[in-house]
Q: 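I'd like to ask some things about the structure below.
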Protein chains: 2
Amino acid sequence: MTNFIPDNTLSSSKPYHHGDLRRQLLDAAASIIRDEGEAALSMRKLAQEVGVSRTAPYHHFSDKQALLCAVAEEGFRRFRVQVSFGPQAYSGGETNAALSPVLDEETIRNFIRNYIDFAVNNAEYYRLMFGGHLWKSQQLTASLKDEAHASFKLYVDQVRAWQQFAAKETAVDALRYAQVSWSTLHGMSCLLIDGIYLDSAAVAAMTDTAARMFWQQLRGSESSG
Amino acid sequence: MTNFIPDNTLSSSKPYHHGDLRRQLLDAAASIIRDEGEAALSMRKLAQEVGVSRTAPYHHFSDKQALLCAVAEEGFRRFRVQVSFGPQAYSGGETNAALSPVLDEETIRNFIRNYIDFAVNNAEYYRLMFGGHLWKSQQLTASLKDEAHASFKLYVDQVRAWQQFAAKETAVDALRYAQVSWSTLHGMSCLLIDGIYLDSAAVAAMTDTAARMFWQQLRGSESSG
DNA sequence: GCTCTATATAGACGCCGTCAAGATTGCTTG
DNA sequence: CAAGCAATCTTGACGGCGTCTATATAGAGC
């Protein structure tokens with residue numbers, strides 16, 4: 001304790017106040033979950049990881065649940081950045097030149113790829129965002145609930161725009177189509193993340209098949225040429 | 001200990017050997033998970049529930065993981081009974097008169113309904129059967145792995161038969177179609193079980209939509225009449 | 001400089017999974 | 001029937017967990 005270097009010119013002298021604890025807790029939590037699984041994350045280990053005492057994290061998160069909610073919230077923010085949601089994503093605006101200016105099967109396929117990629121490569125976030133652990137608990141942060149609902153609304157809007165853009169007449173209700181197609185994406189993601197579908201080579205084929213099914217559904221009963 | 005009633009003429013005198021412990025442990029475990037969630041299941045509480053000491057269950061299951069695997073196995077057995085798998089389910093054999101003898105959209109819808117019903121009404125089993133908790137652990141019982149693979153194989157066979165029965169020419173590969181459609185069923189089940197999709201009135205509409213999508217996919221590019 | 005509040009700490013409590021050692025019972029073999 | 005053996009059940013113990021309480025330290029505003 002009685003360090004003979006009195007001031008804080010050396011940042012490594014471990015000051016009493018951490019200064020950036022909340023941020024580092026969130027990062028360390030995601031890291032631990034990614035490397036060792038959600039079950040391996042404990043408040044004590046987390047505290048030790050960032051070099052504070054066991055109870056220090058409780059000054060930034062009321063309990064473990066709140067911390068997990070915060071991690072999930074961050075996941076939703078990344079989610080919306082990576083998975084290009086919204087009607088503008090395909091409608092040829094100047095938002096992103098890499099995205100195709102017309103709606104075709106490849107656009108759908110790219111969207112599915114993005115979704116699956118995010119889920120698999122950010123499994124530690126995805127699991128929290130859409131897993132039952134937080135949602136069943138009835139202790140969701142209000143902000144987390146808002147984030148989630150906003151994401152789903154964006155998806156419904158995107159589907160609605162897809163339908164208006166692609167089909168002559170809407171075969172199925174947009175909301176229902178959104179719910180079912182999201183279920184497909186979510187199901188594939190879960191089966192991959194949870195290690196039930198293991199063959200990674202099959203992922204591309206599954207994505208292609210899903211894209212074809214989505215697309216044919218969007219085109220209604222028209223020929224698939 | 002020195003009971004003055006020496007013999008076991010009274011069945012309520014709690015004999016040293018339980019006699020039916022394994023079965024009661026499995027039942028109590030499923031019951032606890034159903035009522036209080038998987039997180040609330042502890043070996044100690046489980047032992048207390050059935051009236052034995054904390055370590056008694058370890059003589060029937062090597063550890064908690066093995067117990068959960070056994071519960072999941074039981075789930076697969078129930079699964080295959082309730083969700084009528086296999087080609088014979090629709091092809092008009094004498095197996096079940098209630099099932100329609102021809103393949104149409106309603107057959108698909110009934111199958112989807114069965115699947116979702118099982119998942120929602122046996123959530124405690126479904127979560128274990130298809131959740132990442134067991135599958136990611138790399139400690140799956142061999143018998144559980146067999147049960148799971150057998151179930152998926154049955155589903156693929158069913159899809160293959162559907163395709164042969166319904167479509168003029170196979171639009172997509174049966175295995176891919178099975179993987180994607182199962183993903184849809186699994187995704188819907190997860191979203192319902194985990195409390196993300198709450199509106200139970202929407203379930204019927206989602207089921208209808210999914211059935212229509214599956215069916216149109218089976219019929220290929222033919223008119224949906 | 002003094003007080004107030006945010007932040008960090010150690011201590012304690014009751015849970016948890018599970019290992020080790022001993023007690024009790026029923027089956028097998030003589 | 002007696003002896004031994006294997007299966008079953010018990011108590012005791014260990015370290016880890018979430019989190020409550022009380023206490024110490026640091027920085028901010030008067």
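Protein chains get the first letters and strands the later ones, always in sequence-line order, with residue 1 at the start of each. Please read all numbers here as calculations on a predicted model, not as lab measurements.
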Q: Where the side chain of D63(A) is defined as all heavy atoms beyond and including C-beta, which of dT19(D), dT10(D), dA8(C) is the nearest nucleotide?
A: dT19(D)

Q: I'd like to check V159(A) versus W182(A) (side-chain heavy atoms, cut-off strictly below 4.5 Å). Are they in contact?
A: no

Q: Sequence neighbours excluded, which residues qualify as salt bridge (Lys or Arg N to Asp or Glu O under 4.0 Å) partners of D63(A)?
A: none

Q: Hey, could you give me each pair passing ring-ring contact (aromatic ring centres under 6.0 Å, His included) that has a residue in residues 57-77 of chain B? Not counting sequence neighbours.
A: F76(B)-F130(B)

Q: Taking only the side-chain heavy atoms of V52(B) (C-beta and beyond), determine which of dT7(C), dT10(D), dT8(D) contains the nearest atom.
A: dT10(D)

Q: Going by atom types alone, do T209(B) and Q179(A) pair a side-chain donor with an acceptor below 3.5 Å?
A: no

Q: Rounded to whole angstroms, how far apart are CG on L46(B) and C1' on dC9(D)?
A: 15 Å

Q: Checking side-chain polar atoms at under 3.5 Å, does Q163(B) have a donor or acceptor matched by the opposite partner on R160(B)?
A: no

Q: CD of Q48(B) versus P of dT10(D): gap in Å, rounded?
A: 12 Å

Q: Please report the distance, rounded to the nearest Å, between CZ in F61(B) and P in dC9(D).
A: 12 Å

Q: Any idea how W135(A) and H149(A) line up, ring-wise: parallel (<30°), tilted (30 to 60°), or perpendicular (>60°)?
A: tilted

Q: Rounded to whole angstrom units, what separation is found between the CG atom of L21(A) and the P atom of dT25(D)?
A: 19 Å

Q: In whole angstrom, give the distance that lies between atom CG of D20(B) and atom C1' of dT25(C).
A: 17 Å

Q: Rounded to whole angstroms, how far apart are CG on L25(A) and P on dG18(D)?
A: 13 Å

Q: Write down the protein N/O and nucleotide N/O pairs, taken from nucleotides 13-17 of chain D, whose separation is under 3.5 Å; answer none if there are no such pairs.
A:
from    : atom 1 : to     : atom 2 : distance (Å)
dC17(D) : OP1    : S42(A) : OG     : 3.0

Q: Considering only heavy atoms and no angle criterion, is a donor-acceptor pair shorter than 3.5 Å present between the side chain of T55(A) and the base of dA8(C)?
A: no

Q: Round to a whole Å and report the spacing from CZ of R22(B) to C1' of dA7(D).
A: 15 Å

Q: At less than 4.0 Å, is any side-chain N or O atom of H59(B) found next to OP1 or OP2 of dA6(D)? Yes or no.
A: no

Q: Please determine, by modelled atom types, if T141(B) and E73(B) share a side-chain donor-acceptor pair under 3.5 angstrom.
A: no

